[in-house]
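Below is one structure; the comments refer to it alone.
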2 protein chains.
Amino acid sequence: MKMILKKYCKMSGRSVTNQRKLLLDLIYRAKGHLDADELFRRAKEQQQRISLATVYRNLKLFKEMGLISENRLGENHSHYEIRSPVEHHHLVCRSCGRVEEFDSPLIDEARLRLQQQKEFDIFSVQLKMEGYCPKCKQKRKPS
Amino acid sequence: MKMILKKYCKMSGRSVTNQRKLLLDLIYRAKGHLDADELFRRAKEQQQRISLATVYRNLKLFKEMGLISENRLGENHSHYEIRSPVEHHHLVCRSCGRVEEFDSPLIDEARLRLQQQKEFDIFSVQLKMEGYCPKCKQKRKPS
DNA sequence: TATTTTTTGAGAATCATTTTCATTTTTATC
DNA sequence: GATAAAAATGAAAATGATTCTCAAAAAATA
Ligand SMILES: [Mn+2]
Ligand SMILES: [Mn+2]
Ligand SMILES: [Zn+2]
Ligand SMILES: [Zn+2]
């Protein structure tokens, strides 16, 4: 992580700060989907002086660098996660908020066809499906 | 439109107001992707006393009723459109904002497979692809 | 180490959307 | 159609996520 951060910062003429090292590390170790506030809370545990503005600034920066991705999972704020080389999508339970990740060659195929058909140069695919997970499905249908 | 509105309002015990009739009609006639402000502007041309709060309230209501759909097309506010029986998705040019609509049996197939695999009851699929449209593609690559 | 450049923290500002509440409109009842 | 009860509206304030401002601190460069 630190090596990667250094590389990317150098590349774009940014400084490597303690805040950046900490934040990227926390996102990396979280594995899941973090929102800005949760990241801020965790960061403050180790750098009590860090500011929420710094969290937002650097989330934006990491995203520009391609290190993380931003998702809207149904709430009115964003969640962030380390961007892995293989793209994935999200299936969210609208009742309990559970998030399942998935990928599908069908989506990749759809992208390729669309690229040809519309002659766009497509660089981003965001797919979110919503529904009820097995548990919530039951609770809703005791009919 | 008015018949539909009446039906849905009755069904859920809501009143049929002039504001609702006007707003739904404007969305219907717009065909494209309207945001709350644009809808408010157009509504005011015919009911100068209408409030932005009423616009938001009723967009939310129409959405709950399943009459319209809400999309995030890349800006930090929502766009709305009449919900047609056949689902469609969006391809957005990140340079000029142009929006192309599409649907694909591949996506439907992916949904079915996922439904089985994860045992979710899926009722919503939102797919947004981003890229550069043919025109913007050229401008960016004069290499 | 000295100088220049970038980033940070704190708080104010922004902007889309929601809430509040008194007033008006709609609905249901007669 | 008039009347009372229920729901919706307008205006303004509140909210909440995110961005901006600017003086002070840290990092990069010389
Ligand atoms: Mn994910
Ligand atoms: Mn559309
Ligand atoms: Zn669930
Ligand atoms: Zn374009």
Side-chain angles (χ1 to χ4, degrees), chain A residues 2 5-24 26-27 33-65 67-80, chain B residues 2 5-24 26-27 33-65 67-80:
Chain A
K2 283 182 186 169
L5 179 61
K6 203 168 225 164
K7 189 176 97 182
Y8 278 81
C9 283
K10 287 281 149 84
M11 246 165 49
S12 58
R14 312 305 182 109
S15 305
V16 179
T17 66
N18 290 326
Q19 290 85 336
R20 285 178 183 163
K21 283 187 271 191
L22 173 60
L23 290 171
L24 190 59
L26 285 172
I27 301 169
H33 303 104
L34 278 179
D35 60 32
D37 267 309
E38 178 59 21
L39 180 56
F40 178 51
R41 251 177 261 124
R42 296 188 188 186
K44 256 203 306 207
E45 287 175 10
Q46 301 182 47
Q47 281 192 206
Q48 64 278 44
R49 300 221 48 193
I50 200 170
S51 153
L52 184 56
T54 298
V55 170
Y56 275 107
R57 272 191 289 247
N58 287 310
L59 283 171
K60 197 176 180 184
L61 178 69
F62 296 157
K63 198 186 164 197
E64 282 167 16
M65 289 171 163
L67 292 173
I68 64 175
S69 65
E70 177 179 9
N71 311 111
R72 290 268 170 179
L73 298 175
E75 300 170 270
N76 72 325
H77 58 261
S78 291
H79 289 249
Y80 304 84
Chain B
K2 284 182 185 169
L5 179 61
K6 206 168 225 166
K7 189 176 97 184
Y8 278 80
C9 284
K10 288 283 149 85
M11 245 164 49
S12 59
R14 311 307 181 103
S15 306
V16 180
T17 66
N18 290 327
Q19 289 86 337
R20 286 181 182 161
K21 284 187 270 190
L22 173 60
L23 290 171
L24 190 59
L26 285 171
I27 301 169
H33 303 105
L34 278 178
D35 60 31
D37 266 310
E38 178 60 20
L39 180 55
F40 177 51
R41 252 177 261 123
R42 296 188 189 187
K44 256 203 308 207
E45 288 175 9
Q46 301 181 47
Q47 281 193 206
Q48 65 278 42
R49 300 219 48 185
I50 199 170
S51 153
L52 184 56
T54 297
V55 170
Y56 275 108
R57 273 192 288 248
N58 287 311
L59 283 171
K60 198 177 181 185
L61 178 68
F62 296 157
K63 198 187 165 195
E64 282 167 16
M65 289 173 166
L67 292 174
I68 64 174
S69 66
E70 176 179 10
N71 311 111
R72 289 267 169 181
L73 298 175
E75 301 171 87
N76 73 323
H77 59 260
S78 291
H79 286 86
Y80 303 85

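These numbers were taken from a predicted model, which means no experiment stands behind them. Numbers restart at 1 for each chain; the letters A, B, ... are given by sequence-line order, proteins then strands.
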From the set [options], return the single nucleotide nearest to any side-chain atom of [X].
X: Arg14(A); options: dT7(C), dA16(C), dT17(C); result: dT7(C)
X: Asp37(B); options: dG16(D), dT8(C), dA16(C); result: dA16(C)
X: Lys60(A); options: dA10(C), dC20(D), dT7(C); result: dC20(D)
X: His77(A); options: dA17(D), dT26(C), dA11(D); result: dA17(D)

So, OP1 or OP2 of [N]: does either fall under 4.0 Å of a side-chain N or O from [X]?
X: Asn18(B); N: dT26(C); value: yes
X: Ser15(A); N: dA26(D); value: no
X: Asn58(A); N: dT8(C); value: yes
X: Arg20(B); N: dA8(D); value: yes
X: Gln19(B); N: dT25(C); value: no
X: Tyr56(A); N: dT18(D); value: yes
X: Thr17(B); N: dA7(D); value: no

Practice problem: Establish, from distance only, whether the side-chain atoms of Ser78(A) and Glu70(A) form a donor-acceptor pair under 3.5 Å. | Solution: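 Yes, a side-chain donor-acceptor pair sits under 3.5 Å.
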Within the 4.5 Å heavy-atom criterion, are [X] and [Y] side-chain neighbours or not?
X: Met65(B); Y: Arg14(B); answer: yes
X: Lys63(B); Y: Ser69(B); answer: no
X: Arg41(A); Y: Asp37(A); answer: yes

Quiz item: Of Val16(B) and Ser78(B), whose nearest nucleotide on DNA chain C comes first from the 5' end?
Solution: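 In this pair, the answer is Ser78(B).
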Quiz item: Is there a donor on the side chain of Arg49(B) or the base of dT25(C) sitting less than 3.5 Å from an acceptor on the other?
Solution: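 Answer no: no donor N or O sits under 3.5 Å from an acceptor.
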Quiz prompt | Closest non-hydrogen atom pair between Phe40(B) and Leu52(B), with its separation | solution =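 It is CE1-N, 3.4 Å.
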Quickly work out the [X] [atom1] to [N] [atom2] distance and round it to whole Å.
X: Glu75(B); N: dT14(C); atom1: CD; atom2: P; result: 20 Å
X: Leu22(B); N: dT26(C); atom1: CG; atom2: P; result: 13 Å
X: Leu52(A); N: dC20(D); atom1: CG; atom2: P; result: 14 Å
X: Gln48(A); N: dG9(C); atom1: CD; atom2: P; result: 11 Å
X: Lys6(A); N: dT6(C); atom1: NZ; atom2: P; result: 19 Å
X: Leu61(A); N: dT19(D); atom1: CG; atom2: C1'; result: 15 Å
X: Met11(B); N: dA7(D); atom1: CE; atom2: C1'; result: 18 Å
X: Arg41(A); N: dA17(D); atom1: CZ; atom2: C1'; result: 14 Å

Quiz item: In terms of side-chain geometry, is the basic nitrogen of Arg42(B) or Glu38(B) positioned less than 4.0 Å from the acidic oxygen of its partner?
Solution: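 Yes.
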Quiz item: Counting any heavy atom closer than 4.0 Å, what does Arg57(B) reach on the DNA or RNA strands: base, sugar-phosphate only, or nothing?
Solution: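 The residue Arg57(B) makes base contact.
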